[in-house]
> 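Structure below; questions to follow.
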Amino acid sequence: MSDTPSPLLRSTPLLDTQHPDLERLVAERGWRALPMRERIGAVYDFVRDEIAFGYNEADDLPASRVLADGHGQCNTKGTLLMALLRSVGVPCRFHGFTIDKALQKGAITGIAYVLAPRRIIHSWVEVWFEGRWVCLEGFILDAQYLRSLQRRFPGARRFCGFGAATRDLSAPDIEWRGQDTFIQKEGIVDDFGIFDDPDAFYALHGANLRGPKRWLFVHAIRRWMNNNVARVRAGRW
């Protein structure tokens, strides 16, 4: 890959890079002036830690809405990450999967867990860096939430639950060092392949919930789930 691929830098309805809130954020942070490695890292750290782990109304929300919400999960935080990366000139693409819902047990409880599909739509972001594609998934859980898990399960290595599926909970590969980062990879079931953007993926595969389940999730269950995540983050076990 010798030239910047224009489809992997473009705006889309979900990757609304020209939204005033995204443009303002990028300008205020000065990300475009950074060298490429530091530029990717700064955007990555922002999405990981300043956008808290939590559940939005839907997977297929535009990046500006995720930024306004101030929280997100794999798919929605990934959309925001992609939009910000493209805004600062970093080519990126979407890789779609499903994960087993056991990965979410603890973060999702009770009727919410029962209603969740067995295989949940999942994704990560791939960036073009130093002549290769690097997979970014470690941005899903914010640092405060992850530290709370680590305190609750001290020394844990292979772990599945509470939004994590990793070979080593005590030291997961989540820091940007120019290499792949992961926090849910060990829960993957299906691989749907590569897409230029989340718009193309959702047009083909849809989002996680539809119909009455989606209405119930949006108007009731989601708040319960986010309250539970907040308790975990605060260490109120």
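Position 1 is the first residue of the sequence, and the numbers go up from there. When reading the values below, keep in mind they use all heavy atoms of this one structure, side chains included, and skip hydrogens, waters and symmetry mates.
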> Tell me, please, which residues at least two apart from Glu50 pass side-chain hydrogen bond (donor to acceptor under 3.5 Å, both in side chains).
Arg29
> I'd like to check the ring pair (Phe, Tyr, Trp, His ring centres under 6.0 Å) partners of Phe97; sequence neighbours left out, ordered by chain and number.
His95, Trp124
> Do Leu67 and Phe46 touch side chain to side chain, with heavy atoms closer than 4.5 Å?
yes
> Other residues, nucleotides and ligands only: do more than 12 of their heavy atoms fall within 6.0 Å of CZ on Arg167?
no
> About how many Å separate CG of Asp59 and OG1 of Thr79, when rounded to the nearest 0.5 Å?
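Result: 8.5 Å between the selected atoms.
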> Counting only heavy atoms not in Glu175, do more than 12 fall under 6.0 Å of its CD?
yes
> For the NZ atom on Lys105, are there more than 12 heavy atoms of other groups (residues, nucleotides or ligands in this structure) within a distance under 6.0 Å?
no
> Taking all non-hydrogen atoms of both residues, which atom of Ala107 and which atom of Tyr55 are closest, and how far apart?
CB-OH, 3.7 Å
> Distance-only, no hydrogens or angles: does the Gln73 side chain make a donor-acceptor pair with backbone N or O of Ile140 under 3.5 Å?
no
> Considering all heavy atoms of both residues, which atom of Leu61 and which atom of Asn56 are nearest to each other, and what is their separation?
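Taking every non-hydrogen atom into account, CD1-CB, 3.5 Å.
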> For residues Asp142 and Ile51, determine if any side-chain heavy atom of one lies less than 4.5 Å from a side-chain heavy atom of the other.
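Contact flag for Asp142/Ile51 side chains = no.
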> If the condition is ring pair (Phe, Tyr, Trp, His ring centres under 6.0 Å), which residues does Tyr145 pass it with, not counting sequence neighbours?
Phe53
> For residues Met82 and Asp197, report the shortest heavy-atom separation together with the two atoms involved.
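That closest heavy-atom pairing would be CE-CA, 4.3 Å.
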> Relative to the ring of Phe162, is the ring of Phe153 parallel (under 30°), tilted (30 to 60°) or perpendicular (over 60°)?
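Ring orientation, 0 to 90° scale: tilted.
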> Sequence neighbours excluded, which residues qualify as ring pair (Phe, Tyr, Trp, His ring centres under 6.0 Å) partners of Phe139?
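Per chain and number, Phe139 pairs via ring pair (Phe, Tyr, Trp, His ring centres under 6.0 Å) with no residue.
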> Can we say Arg65 and Asp16 salt-bridge, meaning some charged N sits less than 4.0 Å from an Asp/Glu carboxylate O?
no
> So which atom in Ala164 and which in Leu169 form the shortest heavy-atom distance, rounded to 0.1 Å?
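Shortest heavy-atom contact: CB-CD1, 4.4 Å.
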> Indicate the atoms forming the closest heavy-atom contact of Ala83 with Ala63, along with that distance.
CB-CB, 3.4 Å
> As an exercise, state the distance from CG of Asn226 to CD1 of Ile108, rounded to the nearest 0.5 Å.
10.0 Å
> How about Phe94 and Ile194: do any of their side-chain heavy atoms sit closer than 4.5 Å?
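Phe94 does not reach Ile194 side chain to side chain.
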> If the threshold is 4.0 Å, N to carboxylate O, is there a salt bridge linking Asp173 and Lys185?
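No.
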> For Ala52, is there any backbone N or O sitting under 3.5 Å from a side-chain donor or acceptor partner on Arg233?
no
> Side chain of Asp69, backbone of His71: donor and acceptor closer than 3.5 Å?
no
> Quick check for you: to the nearest 0.5 Å, what is the distance between Leu85 atom CG and Cys92 atom SG?
5.0 Å
> Angle between ring planes, Phe195 versus Phe201, binned at 30° and 60°: parallel, tilted or perpendicular?
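Phe195 and Phe201: perpendicular rings.
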> Looking at Thr98 and Asp190, would you say the former's side chain and the latter's main chain have a donor-acceptor pair under 3.5 Å?
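Judged by distance alone, yes, a pair lies under 3.5 Å.
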> Measure the CZ-CD distance between Arg37 and Glu130 for me, rounded to the nearest 0.5 Å.
5.0 Å
> So, does Ser148 use its side chain to make a donor-acceptor pair with the main chain of Gln144 at under 3.5 Å?
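Not confirmed, Ser148 side chain does not pair with Gln144 backbone.
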> For a side-chain contact (heavy atoms from CB on, under 4.5 Å) check, start with the C-alpha distance between Val125 and Tyr44, then their side-chain angles and the critical distance, and finish with the verdict.
CA-CA 10 Å; Val125 175; Tyr44 176 90; over 6 Å; no
> Begin from the C-alpha positions of Gln104 and Ile99 and carry the test side-chain contact (heavy atoms from CB on, under 4.5 Å) through to its verdict.
CA-CA 9 Å; Gln104 297 284 4; Ile99 51 174; 4.3 Å; yes
> Can you see which heavy atom on Gln18 is nearest to which on Ser11, and at what distance?
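Of all heavy-atom pairs spanning Gln18 and Ser11, the closest is CG-OG, 4.1 Å.
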> Let me check something: do Leu14 and Leu204 share a hydrophobic cluster, defined by ILVMFWY side-chain heavy atoms less than 4.5 Å apart, either directly or through other members?
yes
> Any ion pair linking Arg93 and Asp196 (charged N to carboxylate O, less than 4.0 Å)?
no
> In chain order, what residues pass the ring pair (Phe, Tyr, Trp, His ring centres under 6.0 Å) check against Tyr113, with sequence neighbours excluded?
none
> Listed by chain and number, what are the side chain to side chain contact (heavy atoms under 4.5 Å, CB included) partners of Thr109, not counting sequence neighbours?
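Scan of Thr109 (side chain to side chain contact (heavy atoms under 4.5 Å, CB included), adjacent residues dropped) gives Trp224, Asn228.
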> Okay, side chain of Arg32, backbone of Ser87: is any donor-acceptor separation there less than 3.5 Å?
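A pair under 3.5 Å: yes.
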> Return the CH2 to CD distance between Trp31 and Glu38, rounded to the nearest 0.5 Å.
14.5 Å
> Keeping Glu137 on the side-chain end and Gln184 on the backbone end, is there a donor-acceptor pair under 3.5 Å?
yes
> What's the separation between atom CZ in Arg39 and atom CG in Leu84, rounded to the nearest 0.5 Å?
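Here the interatomic distance stands at 13.0 Å.
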> Would you check if there is a donor-acceptor pair between the side chains of Thr166 and Asp168 at a distance under 3.5 Å?
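No, because no side-chain N or O of Asp168 sits under 3.5 Å from a partner of the opposite role on Thr166.
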> Look at Asp100 together with Arg118 and state whether they make a salt bridge at an N to O cut-off of under 4.0 Å.
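Counted as a salt bridge, because a side-chain N and a carboxylate O are separated by less than 4.0 Å.
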> Can you find a heavy atom in the side chain of Pro198 that is under 4.5 Å from one in the side chain of Asp60?
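A side-chain contact under 4.5 Å is absent here.
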> Are any side-chain N or O atoms of Asp21 and backbone N or O atoms of Ser64, one a donor and one an acceptor, separated by less than 3.5 Å?
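Judged by distance alone, no pair lies under 3.5 Å.
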> If you count the non-hydrogen atoms of other residues, nucleotides and ligands that lie under 6.0 Å from CZ in Arg132, is the total more than 12?
yes
> Okay, side chain of Arg86, backbone of Leu8: is any donor-acceptor separation there less than 3.5 Å?
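Yes: the side chain of Arg86 pairs with the backbone of Leu8.
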> Between Asn75 and Ile121 (side chain of the first, backbone of the second, donor and acceptor by atom type, cut-off under 3.5 Å), is there such a pair?
yes
